[in-house]
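Inspection log for the structure reproduced underneath, given as structure tokens.
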Amino acid sequence: MKISVEGIGEFELSDNSPLILLLDKIKELNPKKSLPVAFLTPSGEILDWHTPINSTAPSLSLKPLYPEDKEALLVLRHTASHVLAQAVKELFPKAKLGIGPAIDEGFYYDIAYERPFTEEDLVKIEEKVKEIINKDLPLKREELSKEEAKALFQNLNEDFKLELIDEIPEDKVSVYRQGDFVDLCRGPHVLSTGEIKAIKLLSVSGAYWKGDEKNPMLWRIYGTAFFKEEDLSAYLNFLEEVKKRDHRRLGKELELFTIEEDIGPGLVIWLPKGAIVRRIIEDFWKDEHLKRGYQLLYTPHVALLDLWKTSGHLDFYRENMFPPMELENRAYQLKPMNCPFHIYVYNQKRRSYRELPLRFCELGTVYRFERSGVLHGLLRVRGFTQDDAHIFCREDQLQEELVKVLELVIYFLKLFGFEEYKVYLSTRPEKYVGDERRWDLAESSLQSALQTLGLPYEIDPGEGVFYGPKIDLKIRDVLGRDWQCSTVQVDFNLPERFDLVYVGEDNQFHRPIMIHRALLGSLERFLGVLIEHYAGAFPFWLAPVQIKVLTIKDSVIPYAETVSSRLKSLGFRVEDDFRPEKLNYKIRQAQLEKVPYMIILGEKEMETGTVSLRSRKGEHLNNITLDEAIERFQSEAHPLFGAS
RNA sequence: GCCGGCGUAGCUCAGCGGUAGAGCAGCGGAUUCGUAAUCCGCAGGUCGUGGGUUCGAUCCCCACCGCCGGCUCCA
């Protein structure tokens, strides 16, 4: 067959042969001088040098992958995980191998052993890994029948591999070898272990075999690998940066929030500084919703258990709910969701088609039971406030409402500087309620809403909730990390369960469609993400303290007081630092508190009736008038205010 | 929930079988000093909780609580 490699040339390869047979020719003709790490097929699959090309087509065009390509890194890391496994097997022959894939930021291998691996083991393993890399062992692929493979791994005592072989549907399986090491693997892999120029083992932890807690626990060793040493150190720097931005650390340092052992795990206390930030967001949120025809609600935190029976939550959501409590012989339930309450608001009276859509919104605090091991700062908690809304509409209104909701999502996210999103549309799962026609309608409405807004999206087939399809948005923060916040879900179930109706133009009862949506998700989580996104340095309009007034000597305090009170009267959040400390000391403190602006006042300013401004970024604007300073503050007050 | 690690002053951390130490913060005093730490002094801890071992436990053992990392991104 004919193989054409983009940018290199065309080659003849006998059927069912691997590309490695063309190694010398490709090397010779390649203008880049460096060999491709692997190749991309037209269907987007990664093809390595080792895998025989099994195609009925007379020709195949391949895109070479070089170290700078993302896919190449996956190949390298897959090999890295084999090297890790080899090292472990050499040091701990009794270890049994699970699986060892490449992942987004590196690779891991799950390994069973009689005792957990320690940090010291990790050091030793890493040394061994580097030894294996230095030997520059070539990788070799072999195809075996399942029987042969089973015999091979039986011999090696690799129980988990035997289990995996049984799960492979094909008749043949492949193994990759390097040196004395062999692993069941479909590839792809690099040519030899020497291609791994930088590698680091990062951590060990327990992980259930196949992620199922009924299965035995293996030890998972995480690592990462690169083609270049610089890339590794850049990655390690990135990890440092992530640590510095950790919202739990910043939350403490900046006095934003606390989670207290004595109060309870996953229960957040907002400290004054954090509470200000939250309030600004909440106020803005409410205003924007009122402008857009939403009606604001407040609903209780508990309700009779029966409500949750009717809603169905007791059946399908029980494991995430706090247990019910008994009071005067009646059972009450802490609310895990707001929707049933909003439904009762809908049901206050007979609704006409003319009233729809009805949009009810609430910053509703809900309580959900999360297993202790998964709690994480503000990102995973047990009590949180959703920026929730439920829209009740007619079928013919569904699409327009969805467009509006998505527009609002984007509007809010942009406000906080999130410009990149990943959008996922989850479609009908195997088990679902409601009729197919409505599902199709909802799915196509979601889809065309996304298209209307020109939002690129991926489809997660079958990942919808049983009561309706949904759109989830993940935002990407400045460090390129994705966070799931927004969600828009169409619901056919609750209107049915609570027998919601409206009277149509035809004077008949009709069932409204319900949309659940949260823009920010939960305020706790969103603020956690925001803290990390901004590294604690909130933009001016969100900063708990916007301006700090610093005096250089006591004699200027009266002047400083006039400046400060003028700013306060304009509504700025100002703190005074009139202590008899050195200026440097005060600046340092304000800087560590990440206050956007400092106003510095000394003799000069007092005499000329001016102020000196120092921004958090270190810019100096000396001896400007207070009005000029105010102008500058106002320009930063609210980037999107009134722009809707 | 499970696995591993951790829990010492408000914070960050040192110590480790002979009942505790630093820096920062706090308090007192001195310093009035122009763009990221002025100096001196003082005070502060039932060493997560409860048991056990020991002449003696912050240190060793057990249980509990909490925190951190991880628990399919399919060979």
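Just the heavy atoms: all of them, side chains too, but no hydrogens, waters or symmetry mates, feed the values below. Because the structure is predicted, anything quoted here is derived from the model rather than measured. In the text below, chain A, chain B and the rest are named by the order of the sequence lines, each starting its count at 1.
Residue A:E605 is in base contact, counting any heavy-atom pair closer than 4.0 Å across all strands shown. Residue contacts shown for A:V204 are absent, as no nucleic acid heavy atom lies under 4.0 Å away. Counting non-hydrogen atoms under 4.0 angstrom, A:K586 reaches nothing in the nucleic acid. Using a 4.0 Å heavy-atom cutoff across all strands shown, A:S612 reaches at least one base atom of the nucleic acid. Using a 4.0 Å heavy-atom criterion, one finds that A:P580 contacts the bases of the nucleic acid, with or without backbone contacts as well.
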Can you check each nucleotide of nucleotides 40-48 of chain B against protein heavy atoms at under 4.0 Å and return B for base, S for sugar-phosphate only, - for none, in 5' to 3' order? ---------
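The base of B:G66 has none of its N or O atoms less than 3.5 Å from a complementary donor or acceptor on the side chain of A:E260. The base of B:G70 is not paired with the side chain of A:Y208 by any donor and acceptor separated by under 3.5 Å.
Regarding contacts with the backbone of B:C24, every side-chain N or O of A:Y585 stays at 4.0 angstrom or more from both OP1 and OP2. When the side-chain nitrogen and oxygen atoms of A:R248 are compared with OP1 and OP2 of B:C68, one or more of them lie within a distance under 4.0 Å. Remark: A:R220 is not in phosphate contact with B:G70, judged by side-chain N or O atoms under 4.0 Å from OP1 or OP2. Regarding contacts with the backbone of B:C71, every side-chain N or O of A:R371 stays at 4.0 angstrom or more from both OP1 and OP2. Considering only side-chain N and O atoms, A:Y222 lies under 4.0 angstrom from the phosphate OP1 or OP2 of B:C71. Within the 4.0 Å cut-off from OP1 or OP2 of B:A37, at least one side-chain nitrogen or oxygen of A:N584 is found. In this structure, A:H376 reaches the B:G69 phosphate: one of its side-chain N or O atoms is under 4.0 Å from OP1 or OP2.
A salt bridge does not link A:K422 with A:E458: none of the charged nitrogens is closer than 4.0 Å to a carboxylate oxygen.
With pairs defined as Watson-Crick or G-U wobble and both atom distances under 3.5 Å, the stems of at least three pairs that touch RNA chain B come out as B:1-7 with B:65-71, B:10-13 with B:21-24, B:26-30 with B:38-42, B:48-52 with B:60-64.
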